[in-house]
There are 2 protein chains.
Amino acid sequence: MATADDKDVGEPTTEPNLTLGQYLASIRKDRRLSLRAVEERSGKQVSNAYLSQIENNQIQQPSPNILNALAEIYEISLEGLMEKAGFIQKSGLREQNERHGRIATFAEHNLTPEEEVELMQYLEFMRHRKRPR
Amino acid sequence: MATADDKDVGEPTTEPNLTLGQYLASIRKDRRLSLRAVEERSGKQVSNAYLSQIENNQIQQPSPNILNALAEIYEISLEGLMEKAGFIQKSGLREQNERHGRIATFAEHNLTPEEEVELMQYLEFMRHRKRPR
DNA sequence: ATAGCGTGCTTGGTATATCAAGCAGATTCT
DNA sequence: AGAATCTGCTTGATATACCAAGCACGCTAT
């Protein structure tokens, strides 16, 4: 069914593919970490309650401290998070895209935001189904 | 003394032992701007009242938004301010690395080849199903 | 079944960033 | 002399980041 979105922040930044919350949630699931596991790893710097709020877009701008902790735990770039959090408004620059994991990203597929979200959900479903070790 | 010789006031890397507030105040005075002038130039993004508090160290961590505004007005580096404000400048990637994360960064999701194939198929299915125009 | 644990989530409360409005002193008019 | 306009500063009020504690729903496994 076409469930568009049940909770939309409606924050008119530009055209973000994923919201900060969606992005963070998707990565946490990819890393197979629970909210409390992240809280743990952050040394209590990020509470599970707060992380939940962030992922559900109930927090507009988590502080760089928080973002930094998450970036380290997930091993992703802080700059990207800052950008998604709306801190730095960068001028449009070309993307170089030098991926390390050389698996073909979906970058060439020109995903619409909706498609991206849907794919993400499907990935989650997929992995849940398969009962990884 | 009329004019303290105009040395090179243009933002060294890191002045030794100035607090964020002292540092900001010294630079503002160097630029000969009043609190309200800064407020003005920032487009009201930074109120004179708030700037005063910052300069008197009554604010512990002004948000990056504020710091960014000030950095632009004073023409100093944002990173330096962030550092002085106590935001961690982790030993990460060097600066100057341009942004990536344009489209759905599935690159961060550690897809196995099988997962990638399956996702790809699902994407195709998705688009086949909807196919807008 | 029921006890236990792990999951995400909600919520009341606290701390703090941020500003509008005002205040007193110093200049500079007129 | 005031009047007008600066200056930096204080403060009460509001918004919101952030968390401790708890809740409800799964799961296994007795």
Side-chain angles (χ1 to χ4, degrees), chain A residues 6-7 9-11 19-71 73-74 81-82 84-87 120-121 124-125 127-133, chain B residues 2 19-71 73-74 81-82 84-88:
Chain A
D6 39 6
K7 197 192 297 184
V9 252
E11 216 52 44
T19 67
L20 173 69
Q22 289 171 328
Y23 179 67
L24 284 175
S26 74
I27 293 210
R28 178 176 61 79
K29 280 162 188 162
D30 176 81
R31 305 298 194 260
R32 322 238 160 149
L33 295 172
S34 71
L35 295 174
R36 282 175 180 78
V38 174
E39 167 174 334
E40 192 69 20
R41 290 199 186 192
S42 76
K44 300 286 187 187
Q45 228 209 320
V46 186
S47 73
N48 71 81
Y50 191 45
L51 182 53
S52 175
Q53 295 180 82
I54 292 178
E55 292 186 356
N56 292 329
N57 295 318
Q58 284 157 34
I59 264 67
Q60 309 171 355
Q61 274 192 340
S63 85
N65 303 308
I66 299 282
L67 294 182
N68 180 65
L70 295 178
I73 292 171
Y74 298 153
L81 289 188
M82 296 277 283
K84 275 190 193 300
F87 279 122
M120 212 72 94
Q121 291 168 346
E124 189 181 331
F125 161 75
R127 287 180 162 168
H128 192 268
R129 206 88 186 117
K130 283 195 176 163
R131 182 65 194 101
R133 192 211 166 283
Chain B
T19 67
L20 173 69
Q22 290 171 328
Y23 178 66
L24 284 175
S26 73
I27 293 209
R28 178 176 62 81
K29 279 163 187 162
D30 176 82
R31 306 296 194 261
R32 323 248 155 146
L33 295 172
S34 71
L35 294 175
R36 282 176 179 80
V38 174
E39 168 175 334
E40 193 68 21
R41 290 200 186 192
S42 76
K44 299 287 187 186
Q45 229 211 319
V46 185
S47 73
N48 71 81
Y50 191 45
L51 182 53
S52 174
Q53 293 181 85
I54 291 177
E55 292 186 355
N56 292 332
N57 294 318
Q58 284 158 33
I59 264 67
Q60 310 172 357
Q61 274 193 342
S63 86
N65 303 309
I66 300 284
L67 294 182
N68 182 62
L70 295 178
I73 292 171
Y74 297 153
L81 290 188
M82 295 277 283
K84 277 192 192 299
F87 291 120
I88 14 58

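Side chains included, hydrogens not; waters and symmetry mates left out as well; all remaining heavy atoms used.
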Check the distance between [N]'s [atom2] and [X]'s [atom1] and give it to me in whole angstrom.
X: B/Gln58; N: D/dG8; atom1: CD; atom2: P; result: 15 Å
X: B/Leu67; N: C/dA17; atom1: CG; atom2: C1'; result: 12 Å
X: B/Glu40; N: D/dT7; atom1: CD; atom2: P; result: 11 Å
X: B/Ile66; N: C/dT16; atom1: CD1; atom2: P; result: 18 Å
X: B/Ile59; N: D/dC9; atom1: CD1; atom2: P; result: 13 Å
X: A/Leu51; N: D/dA20; atom1: CG; atom2: P; result: 14 Å
X: A/Gln22; N: C/dG8; atom1: CD; atom2: P; result: 17 Å
X: B/Leu33; N: D/dG8; atom1: CG; atom2: C1'; result: 14 Å

Give the nucleotide from the list C/dA17, D/dA17, C/dC9 with an atom nearest to the side chain of A/Leu35.
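Nucleotide nearest to A/Leu35's side chain: C/dC9.
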Contact under 4.0 Å: A/Ser34 side-chain N or O vs C/dT7 OP1/OP2
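Yes, such a contact exists.
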So, is A/Ser52 near the phosphate of C/dT10, with a side-chain N or O under 4.0 Å from OP1 or OP2?
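Answer is no, no contact under 4.0 Å.
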Filtered N/O pairs between nucleotides 20-29 of chain C and protein, under 3.5 Å:
from: C/dG22; atom 1: O6; to: B/Arg36; atom 2: NH2; distance (Å): 3.3

Has the side chain of [X] got a donor or acceptor atom that lies under 3.5 Å from a matching backbone atom of [Y]?
X: B/Asp30; Y: B/Ser26; value: no
X: A/Asn48; Y: A/Glu39; value: no
X: B/Arg28; Y: B/Leu33; value: yes
X: B/Arg41; Y: B/Ile73; value: no

Hey, what do you get for CD1 (B/Ile54) to CD (B/Gln22), rounding to the nearest 0.5 Å?
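That separation rounds to 14.0 Å.
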For the atom pair OG (A/Ser47) and CD (A/Gln53), what is the distance rounded to the nearest 0.5 Å?
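One finds 7.5 Å between OG of A/Ser47 and CD of A/Gln53.
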Stepwise side-chain hydrogen bond (donor to acceptor under 3.5 Å, both in side chains) test for B/Gln61 and A/Asn65
CA-CA 10 Å; B/Gln61 274 193 342; A/Asn65 303 308; 3.1 Å; yes
